[in-house]
J.: 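There's a structure below that I have some questions on.
Since this is a predicted model, take the numbers as computed values, not measurements.
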Amino acid sequence: MSAPVLTVTPADGLIDLPRRIVVAGLKPDALVSITARTRRRGVLDFLASCTKA
């Protein structure tokens, strides 16, 4: 099996812009956890996470 591939569309944009996040290359029903952080001026301003089976 190949390594997992993470695709985020659009890859860049304002913080409130909706994104489509796809993880490919995993076994069906695999547990996936993704965390995104945005740092601004050296301070953590935004944190989002999702876990999905």
J.: List the atom of Ser49, the atom of Thr35, and the distance in Å for their closest heavy-atom pair.
T.: CB-OG1, 3.7 Å
J.: If you compare all heavy atoms of Pro18 against all heavy atoms of Pro10, which two are closest, and at what distance to 0.1 Å?
T.: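 Closest approach of Pro18 to Pro10, heavy atoms only: O-CD, 3.7 Å.
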J.: Nearest 0.5 Å, what's the CD1-NZ distance between Ile34 and Lys52?
T.: 12.0 Å
J.: If you compare all heavy atoms of Asp12 against all heavy atoms of Arg19, which two are closest, and at what distance to 0.1 Å?
T.: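 Looks like C-NH2, 3.8 Å.
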